[in-house]
Each structure stands twice: as structure tokens, then as C-alpha cells.
Amino acid sequence: MARYYFSCPEVYFGEQAMTSLSQFNDKRVGIVTDDFMVSSGKTRYLINHMPQAAVCIFGEVKPDPDIDILTAGAARFKAFKPDVIIALGGGSSLDAAKGIKVTLEEYFADHHIDLIAIPTTSGSGSEVTAYAIISDPQNGRKYPLISEHLVPDIAILDPNLVLTVPRSVAVDTGMDVLTHAIEAFVSTGANDFSDALAEKAIALTWRYLPQVFNDEKDIAARTHMHNASCMAGMAFNSAGLGLVHGMAHAIGGMLHIPHGKINAMLLPIVIDFNSKQASAATRDRYHRCAQIMGIDHAIPEQAIMLMTQAIRQINRHFGIPATLSELGIDRAKIAKLRSALVNSALADGCTASNPRQATAHDLEGLIDQITG
Ligand SMILES: NC(=O)c1ccc[n+]([C@@H]2O[C@H](COP(=O)([O-])OP(=O)(O)OC[C@H]3O[C@@H](n4cnc5c(N)ncnc54)[C@H](O)[C@@H]3O)[C@@H](O)[C@H]2O)c1
Ligand SMILES: [Fe+2]
């Protein structure tokens, strides 16, 4: 019998969640974020909840952070020696803060730093995960660092912070949530705890992401998406992910496509692939995903096919292209990268928990499909 693990930090959520920051009022607080959060007043909103704290801001995170950002952030905080690091932003800022925190703890061997994660997108789930995705732009790779030391101590989910997320980012990140939940649900590491959270995250995302798309200021829909993102993070942190993420890290890293968008594009293709030679258990799990989305058929394979159709349809509705060619990427460029993409996807840690083992030949076929 395999050994499973489930962990979960303290989570404050809802429109008053930020008041929990008052506990850091007498601390030295380092904030890791990007320039938009500083210029749009979101760091000020945060600091207002702990007016007595000594604060130092590193506001230079860029999407898909690399090692240089971690080094620059750690250098900014070295003399300041924070007691607490608050990560404010999307998955990129949260992952950067994780890397900065562990780098700093190496400098100060005797000094523990608390990590507080405040997501401003409803997507990565990084506020509750042991993952930090760090890019290597020179080699066009993204590496998932995985360690229990990377799990934040506290997650704060304030839906007011996501109201400014533009529609296109909201749908990309929202489709990342759906992908996390479905991949966790069919993963080889799925378990009772991760299932409970994945099922709820699928239901909430399928219902409320279209509502966010229709009305970006719908605070109730934004709240449900923010909670779903965190639940999906808890689910995959325990169960693992699958081939969508394995391929997305490879393709996204080399071709610079937003993480959620490339996941959304790959999701129906990988479900088709996984469910074709699926064990009865995997087929039943995909069938259950369809049912949670309100899609059913007496023949499970038909229900799964209807689900992939519905995902393709919602992608189209959200303006997410079906193929890399549709996204404007040159076929010849992809052909040149094909074998590097295959090797990178096969080596990715997320691919290991995919319910169907993929060969290099299988991956070539899947890359041809996503190329279009
Ligand atoms: N650690 C994990 O468990 C995990 C899981 C999935 C993805 N990731 C990683 O997270 C990154 C993607 O994170 P993301 O999808 O949240 O995007 P992101 O953090 O890269 O942000 C995307 C863009 O949205 C902007 N933005 C963020 N919040 C905003 C707000 N409230 N209003 C307006 N604009 C806002 C950012 O400034 C940025 O330009 C990728 O690097 C991915 O690999 C990590
Ligand atoms: Fe993801």
C-alpha cells in the first residue's frame, strides 16, 4: 500500500482576510511582488493592515521568474533580515518569494523566516504548494523545485485583490485551476483527501469561471474562483499532476506562452490520449469529472468525449486558441524544437504521476497535435 501525504497551511479567506496581517505589526516584513502591485497601490493596501511593521519591498518580479530574480531579491533583503516574507502577486511572485526565502535562510543559518502567500490571480495555487517553478531562459526550460520547505506558513485569499485581473489573464489562470483539479483527480497519487478538494474545485471552476468572463467585477464569482484555485492547489500538492503540466512546462518554457493558456490548450488533447487506453479506474475518474461538470452519457467513453468537446468549446469562448499555429507560432520553429520538447516533457516531475505512461513516440504525436 502506497504512503500518501496531505498538508495544508493556515488559510484566511473572504473579503476581510487581510485583517489577519495585523499579527505582523511588530515584525520586520519583506514584501516580494512586481511593479504593477506597487504602482497600483496593492502593496499600500497590504501595509495598511500592519502600520507599525518595518517594511522592505522587492518589487522586481517578472513573469516566470529565473534564478537572477531570486538572487536579486535575496540581496535586497540580506541587510534587512526579515522575520516574515510576504509574497504578493500571481504564481510568478509567489514562486519567486519561495526561492528568495530559502536562499535567505541559507545566509542566516539561525534565523527562521515565515512565508505568507497572498495570491492576486486565481490560478497557480502556489499559496499552498511545495512547488516553485523556476525558469532557465538560456536553455528555455522551466524547473519545478519541490520541497516541504517551500510550503507557505499562511495563505491569505482576499477576492478584492483579483478584481483587477484582466479577462484574458483571468481565463488563462482559471483554466490552470481546472487543469490542476482534473490532473490531480486522475493522477496516480489521487487519494481521498485530494479527491474531495479536486471535485469541489472542478465544480466551482466550471460554474464560476464563465461568470468571471462575463463580468470581471462579479465579486461572488471571483471569490469562488479564488477559493477553487487554493483547493486545486491543495489537491495537486498531495496527489501530483500529469502530462498536461509536464508538456506545458516544456512548451511554455521554450516558446514563452502563459502557463494557464498552454495548459488549457493541452488539456483536451491529453484527456483524449489518457482515456484511450485507460484502465477502468482512470476511465471512471474522467467520467466522474464529466459528471461534476454536468455532462453525462450512459457510455462512459461518450461522456468523456463530450467533456473534451465542452473544454474545447469553452476555450474557444474564452478566446484561447486550439493550436500553436493558431497562436501564431511558426511550425518550422516547433519542428526544430520537437525532440528537445519531447525530452523535457518526459523528464518533467509532473509527467511521472500521469495515469498513462507516455513514450517518446506518443509525445511526438501529441506535439504534432498541439502544433496544428
Ligand atoms: N508553484 C506552483 O505550485 C505553481 C503552479 C502552477 C503554476 N505556477 C507558476 O506560476 C506562474 C504563473 O502564475 P500566474 O498564472 O498567476 O501568472 P503570473 O504571476 O505570471 O501573472 C501574470 C500577469 O498578471 C499580472 N497580475 C497578477 N495579478 C494581477 C492583478 N490582481 N491585477 C492585474 N494584473 C495582475 C502580473 O503582473 C503578470 O503580468 C508560472 O511561472 C507557473 O509556472 C506555479
Ligand atoms: Fe499549473
Side-chain angles (χ1 to χ4, degrees), residues 32-43 45-46 59-66 69 87-99 115 117-137 141-147 150-152 155 157-184 201 212 216-217 222 225-226 229-230 232-238 240-242 244-253 256-264 266-267 348-350:
V32 175
T33 191
D34 64 23
D35 56 0
F36 172 77
M37 295 297 145
V38 179
S39 63
S40 64
K42 287 191 166 60
T43 42
Y45 173 67
L46 186 158
E60 284 142 51
V61 177
K62 301 275 175 287
D64 301 325
D66 57 21
I69 287 178
L88 175 73
S92 296
S93 290
L94 271 45
D95 287 359
K98 290 176 174 182
L115 180 62
I118 308 182
T120 64
T121 58
S122 304
S124 73
S126 179
E127 66 274 13
V128 288
T129 73
Y131 292 68
I133 315 294
I134 304 303
S135 290
D136 171 4
R141 298 280 301 266
K142 282 176 107 175
Y143 296 99
L145 308 179
I146 309 173
S147 159
L150 298 175
V151 180
L157 313 179
D158 178 349
N160 293 303
L161 288 168
V162 283
L163 287 173
T164 50
V165 175
R167 251 175 155 201
S168 66
V169 177
V171 293
D172 285 351
T173 49
M175 289 305 288
D176 192 21
V177 176
L178 184 68
T179 309
H180 291 158
I182 294 179
E183 290 216 286
V212 169
E216 294 145 86
K217 300 294 172 206
R222 288 283 199 180
M225 275 309 300
H226 217 33
S229 171
C230 185
M234 289 174 184
F236 84 75
N237 195 47
S238 171
L241 289 164
V244 178
H245 271 78
M247 290 183 71
H249 291 149
I251 298 173
H256 306 291
I257 303 164
H259 174 73
K261 194 186 293 296
I262 185 63
N263 273 330
L266 286 164
L267 183 60
D348 192 277
C350 296

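In this text, all values refer to a predicted model and were calculated from it rather than measured experimentally. One is the number of the first residue; the rest follow in order along the sequence. These numbers come from the heavy atoms of this one structure, side chains and all, not from hydrogens, waters or symmetry mates. One-based numbering, in listed order, for ligands and for the atoms of each.
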Kindly say whether Glu216 contributes a backbone atom to a donor-acceptor pair with the side chain of Arg222 at under 3.5 angstrom? yes

Close side-chain approach of His249 to His259, heavy-atom, < 4.5 Å: yes

Numbering as shown, the atoms of ligand 1 that approach Asp176 to under 4.0 Å (heavy-atom distance): 6 (C), 7 (C)

Out of Val165, Leu94, Thr179, Leu150, who gets a non-hydrogen atom closest to atom 30 (C) of ligand 1? Val165

If you measure from each non-hydrogen atom of Asp95 to ligand 1, which part falls under 4.0 Å: side chain, backbone, both or neither? side chain

Heavy-atom closest contact (Lys62 atom, Ser92 atom, distance): O-CB, 3.9 Å

Specify the protein heavy atom at minimum distance from atom 18 (P) of ligand 1: its residue, its atom name, and the distance to 0.1 Å. Ser92 OG, 3.5 Å

Give the residue, atom name and distance (to 0.1 Å) of the protein heavy atom nearest atom 3 (O) of ligand 1. Thr129 OG1, 2.8 Å

Have a look at ligand 1 and work out which part of Thr120, if any, has a heavy atom under 4.0 Å from it: side chain, backbone, both or neither. both

Given the rule in the side chain to side chain contact (heavy atoms under 4.5 Å, CB included) test, do Asn237 and Val128 qualify, once you have shown the distances and angles that lead to the verdict? CA-CA 8 Å; Asn237 195 47; Val128 288; 5.9 Å; no

Any heavy atom of His180 closer to ligand 1 than 4.0 angstrom? yes

Heavy-atom nearest pair, Gly91 first then Thr121, reads N-OG1, 4.0 Å

Within-4.5 Å side-chain heavy-atom neighbours: Ile118 and Glu127: no

Exercise: identify the closest heavy-atom pair between Asp95 and Ser126: OD1-OG, 2.7 Å

Heteroatom distance test (Leu161, ligand 1): nitrogen or oxygen, under 3.5 angstrom: yes

Looking only at protein heavy atoms, what sits closest to atom 25 (C) of ligand 1 is Asp34 OD2, 4.8 Å

Looking at non-hydrogen atoms alone, which of Val169, Thr173, Val177 comes nearest to atom 24 (O) of ligand 1? Val169

The protein heavy atom nearest to atom 29 (C) of ligand 1 is Met37 CE, 3.4 Å

Over all heavy atoms of both residues, which pair between Gly252 and Ile262 is shortest? Give the atoms and the distance, please. CA-CG2, 4.5 Å

Can you tell which part of Tyr143 has a heavy atom less than 4.0 Å from ligand 1: side chain, backbone, both or neither? neither

The closest protein heavy-atom partner of atom 32 (N) of ligand 1 is Thr164 OG1, 2.8 Å

What do we get for Tyr131 next to ligand 1 when only non-hydrogen atoms under 4.0 Å count, side chain, backbone, both or neither? both

In the protein, which heavy atom is nearest to atom 33 (C) of ligand 1, and how far is it? Phe36 CE2, 3.2 Å

Where do Ser124 and Asp176 come nearest, in terms of heavy atoms and distance? CA-OD2, 3.9 Å

Ignoring hydrogens and angles, state whether a donor on the side chain of Thr120 or Lys42 is under 3.5 Å from an acceptor on the partner side chain. no

Close N or O approach (Pro63, ligand 1; < 3.5 Å): no

Quick check on contacts: which atoms of ligand 1 are under 4.0 angstrom from a heavy atom of Asp64? 40 (C), 41 (O)

Identity and distance of the protein heavy atom lying nearest atom 17 (O) of ligand 1: Gly91 N, 4.2 Å

For His259, what is the atom name of its N, O or S atom nearest to the Fe ion (ligand 2)? NE2

Go through ligand 1 atom by atom and flag the ones less than 4.0 Å from a non-hydrogen atom of Gly90. 16 (O), 19 (O)

Restricting to N, O or S atoms of His180, which is nearest to the Fe ion (ligand 2)? NE2

In the complex you have, is atom 21 (O) of ligand 1 within reach of the protein, judged by whether a heavy-atom distance drops under 4.0 Å? no

Heavy atom of protein closer than 4.0 angstrom to atom 9 (C) of ligand 1: yes

Is the side chain of Lys98 donor-acceptor paired with the backbone N or O of Thr129 at a distance under 3.5 Å, no angle test? yes

Closest to the Fe ion (ligand 2), among the N/O/S atoms of Asp176, is atom OD1

Can you find an N or O of His245 that's nearer than 3.5 Å to an N or O of ligand 1? no

For residues Ala264 and Met175, report the shortest heavy-atom separation together with the two atoms involved. CB-CB, 3.5 Å

Geometry only, no angles: is Lys42 polar-contacting ligand 1 at N/O separations under 3.5 Å? no

Measure from the side-chain N and O atoms of Thr173 to the backbone N and O of Ala170, and report whether any donor-acceptor pair falls under 3.5 Å. yes

Distance from atom 43 (O) of ligand 1 to nearest protein heavy atom, with residue and atom: Lys142 NZ, 3.1 Å

How are the rings of Phe236 and Tyr131 set to each other: parallel, tilted or perpendicular (split at 30° and 60°)? perpendicular

For the backbone of Arg141 and the side chain of Asp136, can you confirm whether one donor and one acceptor N or O come within less than 3.5 Å of each other? no

pair Ser93-Leu88: side-chain heavy atoms closer than 4.5 Å: no

